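Reviewing the structure listed below.
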Number of protein chains: 2
Amino acid sequence: MSTVAGKRLRIGEVAELTGTTPRTIRYYEEIGLLPDSGARAQGQHRCYTDADVARMREILRLKDLLGLSLEQLSKLLEAETARAELRQEYQQAEDAATQRRILEEALGHIAGQLELVTDRKRQLDQLERELVERSRTLRERLAELSA
Amino acid sequence: MSTVAGKRLRIGEVAELTGTTPRTIRYYEEIGLLPDSGARAQGQHRCYTDADVARMREILRLKDLLGLSLEQLSKLLEAETARAELRQEYQQAEDAATQRRILEEALGHIAGQLELVTDRKRQLDQLERELVERSRTLRERLAELSA
DNA sequence: TGCTAAACTGACGTTAACGTAAAGTTCTCG
DNA sequence: CGAGAACTTTACGTTAACGTCAGTTTAGCA
C-alpha cells in the first residue's frame with residue numbers, strides 16, 4: 001500500500017524503516033524471533049519484504065507497550081510465524097479445511113494478544129484512578145490551606 | 001491501616017511483602033531509588049516502615065506497568081522522594097508557604113506520572129482497536145469460507 | 001571490470017538488574 | 001548467655017539484548 005509490492009529490501013533499509021539497527025535484526029533472527037533466512041536466495045545478503053517490516057514493527061510495538069522479553073514474544077508470536085510461513089500456502093490451498101484451520105489459528109493468536117493488552121489496560125486504568133484520587137486529595141489540602 | 005502503625009520491619013519481611021528479595025531492596029537503595037538508610041539507628045540492620053513497603057510497591061508497579069528503567073524511575077520519583085523525606089517536616093511546618101510548596105511539588109509529581117499512564121493507555125487503546133479489527137476481518141473470512 | 005558502500009560472519013565487549021557466595025556481625029529467644 | 005537465624009558488606013557471577021570491531025564477501029554501478 002505504502003510502497004510497491006514485491007519490493008526487495010536490504011537489512012539496512014529495514015533497520016532504518018523500523019528505527020533499529022542491522023545488528024538487532026540479525027539478533028532477532030538468531031533467536032528465532034524473525035524467520036530464519038535459511039532460504040536466502042543464492043546470494044549471501046538477507047532480503048526482506050514489506051511484510052517483514054510490518055512484522056518487525058509489530059514486534060517492537062508489543063515489546064515496548066507490554067514490556068515483554070524477546071523470549072516471551074517468541075512464544076506469543078509462534079503461531080503468527082507459522083501463519084506467515086503458510087501465507088502463500090494458504091492462497092493456494094484448495095483444501096477448505098486447511099484454510100479454516102489456518103484462520104482459526106490466527107484468530108486464537110490474536111485473541112492471546114488481545115488478552116494481554118486488555119489486561120494491561122485494566123491495570124493502567126486502576127493506577128490512573130488512584131493517581132487522580134491522590135491528586136484530588138492534594139488539591140483539597142491546598143484549598144484548606146488557603147482557607 | 002492494614003497493620004499497626006509504627007511497626008518496624010526488617011529487610012526480609014519487606015522483601016516478602018513486596019514479592020522481591022533483600023538483594024533487590026539493597027540494590028535499589030544503592031542506586032538511590034530507595035532512601036539511603038544512612039541514618040540507620042545505632043545498629044547495623046536496616047529497618048523499614050509501612051510507608052516504605054508502600055513506596056516499594058509503587059516502584060515495582062510503575063516499573064512493571066510502564067516498563068521504565070530504574071534510572072527513569074529515579075528521576076520520575078525524585079520529587080516524591082524529597083516529599084517523603086519532608087513528610088515530618090511538613091507536619092510541623094508552621095510556615096504555610098512551605099506547606100504549600102510541598103503540596104504543589106507533590107501535585108506536579110503526580111501529574112507527571114499521570115501523563116505517562118494516560119499516554120500509555122492511549123497507545124494500548126490504539127493497539128486494541130487494531131487487534132479487534134483484525135479479529136473481525138478474520139472472522140469474516142471464516143464466514144465466507146463456510147458459505 | 002574494478003571500486004566502494006553495504007552486508008556477512010564470528011567473536012568479544014557492555015549495561016542493567018539483579019543472583020550468589022563468603023566471611024563476619026547482630027538480633028532474639030530459649 | 002549462648003546459639004542459630006537473619007542481617008551486614010564485599011565482590012565476583014549471570015542473563016538479556018544488543019554494540020562494536022575485524023576480516024572477508026557481495027552488490028551494483030561508472
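All of these numbers come straight from a predicted model, not from anything done at the bench. Protein chains get the first letters and strands the later ones, always in sequence-line order, with residue 1 at the start of each.
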Taking B:Thr20 for its side chain and B:Glu16 for its backbone only, find out whether a donor-acceptor pair lies under 3.5 Å.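 Judged by distance alone, no pair lies under 3.5 Å.
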
d([atom1], [X]; [atom2], [N]) in whole Å:
{"X": "B:Glu29", "N": "D:dC7", "atom1": "CD", "atom2": "P", "answer": "14 Å"}
{"X": "A:Ile11", "N": "D:dC18", "atom1": "CD1", "atom2": "P", "answer": "13 Å"}
{"X": "B:Tyr48", "N": "D:dA6", "atom1": "OH", "atom2": "P", "answer": "17 Å"}
{"X": "A:Ile25", "N": "C:dT9", "atom1": "CD1", "atom2": "C1'", "answer": "16 Å"}
{"X": "A:Glu16", "N": "C:dA7", "atom1": "CD", "atom2": "C1'", "answer": "15 Å"}
{"X": "A:Glu13", "N": "D:dA27", "atom1": "CD", "atom2": "P", "answer": "14 Å"}
{"X": "B:Arg46", "N": "C:dT26", "atom1": "CZ", "atom2": "C1'", "answer": "13 Å"}

With side chains defined as the heavy atoms from C-beta onward, is the minimum distance between B:Leu107 and A:Ser135 less than 4.5 Å?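 Touching, per the 4.5 Å side-chain cut-off.
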
Please tabulate, one pair per line, each protein N/O and nucleotide N/O from nucleotides 16-18 of chain C that are separated by under 3.5 Å, including the distance.
{"residue": "C:dA17", "atom": "OP1", "partner": "B:Leu70", "partner atom": "N", "Å": "3.0"}
{"residue": "C:dC18", "atom": "OP2", "partner": "B:Tyr28", "partner atom": "OH", "Å": "2.5"}

Taking only Lys NZ, Arg NE, NH1 and NH2, and the carboxylate oxygens of Asp or Glu, determine whether B:Arg134 and A:Glu58 approach each other closer than 4.0 Å.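 Yes.
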
Using a 4.0 Å heavy-atom cut-off, does B:Arg10 contact any base of the nucleic acid, only the sugar-phosphate backbone, or nothing at all?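 Sugar-phosphate: the residue B:Arg10, judged by heavy atoms under 4.0 Å, touches backbone atoms but no base.
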
Listed partners of A:Lys63 passing side chain to side chain donor-acceptor pair (under 3.5 Å), at least two apart: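 With neighbours one apart ignored, the set is empty.
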
Please determine which of B:Gln123, B:Arg129, B:Arg122 meets the side-chain hydrogen bond (donor to acceptor under 3.5 Å, both in side chains) test together with B:Gln126.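 It is B:Arg129, the one option of B:Gln123, B:Arg129, B:Arg122 that forms the side-chain hydrogen bond (donor to acceptor under 3.5 Å, both in side chains) with B:Gln126.
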
Could you tell me which residues satisfy salt bridge (charged side-chain N to carboxylate O under 4.0 Å, His left out) with B:Glu133, sequence neighbours excluded, listed by chain and number?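 Expected list: B:Arg136.
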
